Protein chains: 2
Amino acid sequence: MPIKRPETPVPSDDAKPKAAERIRRTARELFYREGIRAIGVEEIVTRAGVTKPSLYRSYASKDELAAEYLRDYELAFWKVFEAGEADHPGDARAQLMAYFEGLAHRATQAGYRGCGLTNAVVEYPGDEHPARKVAQTHKRKLRARLVSMCEAMGARSPEVLADGLLLLLEGTYASGQLFGRQGPARSLVAVAEQLIDASLR
Amino acid sequence: MPIKRPETPVPSDDAKPKAAERIRRTARELFYREGIRAIGVEEIVTRAGVTKPSLYRSYASKDELAAEYLRDYELAFWKVFEAGEADHPGDARAQLMAYFEGLAHRATQAGYRGCGLTNAVVEYPGDEHPARKVAQTHKRKLRARLVSMCEAMGARSPEVLADGLLLLLEGTYASGQLFGRQGPARSLVAVAEQLIDASLR
DNA sequence: GATCATACGTACCGATCGGTAACATAGTCA
DNA sequence: TGACTATGTTACCGATCGGTACGTATGATC
């Protein structure tokens with residue numbers, strides 16, 4: 001019979017226990033689908049199969065759990081956003097359009113709920129909310145990233161093109177939940193191509 | 001001394017009394033600034049200087065009050081949106097750009113809160129909510145209106161151009177609250193012009 | 001001045017909100 | 001085995017949620 005080794009390797013500084021991870025995943029799903037304000041902590045712990053004290057030992061408050069959810073969301077976003085780099089190395093335009101194509105598809109599915117980060121900013125107008133801070137920091141990062149991609153494309157005015165593409169992105173997030181399957185998000189790719197074409201020197 | 005005539009003219013079927021109107025106005029301001037879910041009915045009636053029963057005598061529920069708020073919001077929107085018609089009769093492009101210019105200005109002010117209708121859809125993902133229904137109906141109307149304006153402009157593909165402009169609009173609503181004064185909304189006019197130019201035959 | 005409808009306020013409802021104190025249990029290492 | 005730590009559980013807190021039963025003030029009409 002083999003020796004039972006500990007589940008967490010020796011130099012693991014921050015291995016989250018089971019309950020905290022279940023809470024995290026459940027909160028992520030519920031917060032995204034229903035909205036943060038709409039979901040109570042009671043429902044989170046019930047659906048996660050744990051109880052409230054388990055939540056509050058791992059997260060300081062519901063607001064902090066929401067912020068954590070958005071940090072996870074951001075990680076997942078970058079993974080999708082950067083997926084095109086492998087397929088199109090050195091081609092910023094193709095990388096960006098790969099993300100746009102995927103987004104246009106997702107945003108025209110029934111039940112699409114937009115960007116969790118943008119939604120959080122809508123739900124929490126006050127600047128002091130931790131979730132809002134995560135979201136705003138992320139969006140600034142995204143904007144800077146778009147600018148550098150537009151520079152790589154050789155845009156006449158990278159900032160203006162990046163702004164335009166960001167407006168299209170955010171517009172797609174919103175329109176995806178406003179309109180159903182035949183929403184304006186279906187034109188995202190065509191419009192983005194037009195805009196990029198018109199912006200190159 | 002003149003005969004004191006009744007305040008409401010004879011064939012007035014539904015003249016709202018004073019308290020209901022105060023509630024309406026207070027709700028409109030608070031719902032827009034703070035969000036619908038964030039504001040309780042208690043706070044509305046307190047700030048309006050009335051009491052809860054007064055609210056529930058004029059509105060069936062908080063949800064219905066929220067829907068009423070959005071109906072008012074929609075009226076105000078069309079007033080602004082159609083303001084350009086007087087200045088630029090028969091010139092759909094100039095009418096639209098007039099709205100875009102005003103929006104770009106508002107969306108780059110500190111404390112901008114985006115579109116109340118879009119925000120409501122973010123706050124209430126469930127299709128059955130009365131506020132959401134108002135918002136979605138409005139957005140469909142807006143989309144149709146944009147299509148007809150793009151036809152009037154002589155666009156190659158009016159639907160695609162209208163979609164693109166709608167994405168820019170919604171993106172501006174969102175970006176206005178995400179970024180501060182130097183947000184991407186500042187480029188809205190330039191981008192829209194580029195997109196329209198590229199879409200005419 | 002009595003009547004009566006309308007409009008408004010006082011006081012309260014049960015439910016749920018986010019959050020916690022106190023205790024029980026399980027795994028780790030001496 | 002025994003002490004320590006980490007995690008889970010029961011039961012509860014005050015505050016606030018949306019909503020209402022019921023009594024009161026007001027103002028026009030006869």
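Below, chain A is the first sequence line, B the second, and so on; all start at residue 1. Computation of the quantities below employed the complete heavy-atom set of this structure, encompassing side-chain atoms and omitting hydrogens, waters and symmetry-equivalent molecules. In this text, all values refer to a predicted model and were calculated from it rather than measured experimentally.
We find that CD1 of B/Ile39 is positioned 10 Å from P of D/dG18, with the value rounded to whole Å. Put simply, CG on A/Leu55 is 14 Å from P on D/dT7, counting in whole angstrom units. What separates CD1 of B/Ile44 from C1' of D/dG19 is a distance of 13 Å, to the nearest Å. As rounded to whole Å, 12 Å separates atom P of D/dT7 from atom OH of A/Tyr59. To the nearest angstrom, C1' of D/dT7 lies 13 Å from CZ of A/Arg22. With rounding to whole Å, B/Ile23 atom CD1 is found 14 Å from D/dG19 atom C1'. Regarding B/Lys18, its NZ atom lies at a distance of 13 Å from the C1' atom of D/dG27, rounded to whole Å.
Among C/dG9, C/dG19, D/dG18, the nucleotide with an atom closest to any side-chain atom of B/Val50 is C/dG9. Out of C/dG19, D/dT9, D/dT20, the shortest distance to the side chain of B/Lys52 is found at D/dT20. Of the candidate nucleotides D/dG19, C/dG18, C/dC8, C/dG18 has the atom nearest to the side chain of A/Tyr56. Closest approach to the A/Arg57 side chain among D/dA21, D/dG19, D/dT7 is made by D/dT7 (side chain taken as heavy atoms from C-beta onward).
B/Glu123 places a side-chain N or O within 3.5 Å of a backbone atom of B/Ile36 that can act as its donor or acceptor partner. Panel note: side chain A/Asp72, backbone A/Arg28; no donor-acceptor pair is recorded below 3.5 Å.
Taking the ring centroids of A/His138 and A/Tyr73, they lie at or beyond the 6.0 Å cut-off.
Both A/Glu43 and B/Ser54 sit near DNA chain C, but only B/Ser54 has its closest nucleotide nearer the 5' end. Along DNA chain D, the nucleotide closest to B/Glu42 and the one closest to A/Gly49 are compared, and the more 5′ of them pairs with A/Gly49. Heavy-atom distances to DNA chain C give each of A/Ala38 and A/Ala60 a nearest nucleotide, and the one nearer the 5′ end belongs to A/Ala38.
Ring orientation note: the planes of B/Trp78 and B/Phe81 are nearly perpendicular, at an angle over 60° on the 30°/60° scale. Aromatic ring orientation, A/Phe31 versus A/Tyr69: tilted (interplanar angle from 30° to 60°).
Applying the 4.0 Å criterion to OP1 and OP2 of C/dC8, one finds that B/Thr51 has every side-chain N and O outside that range.
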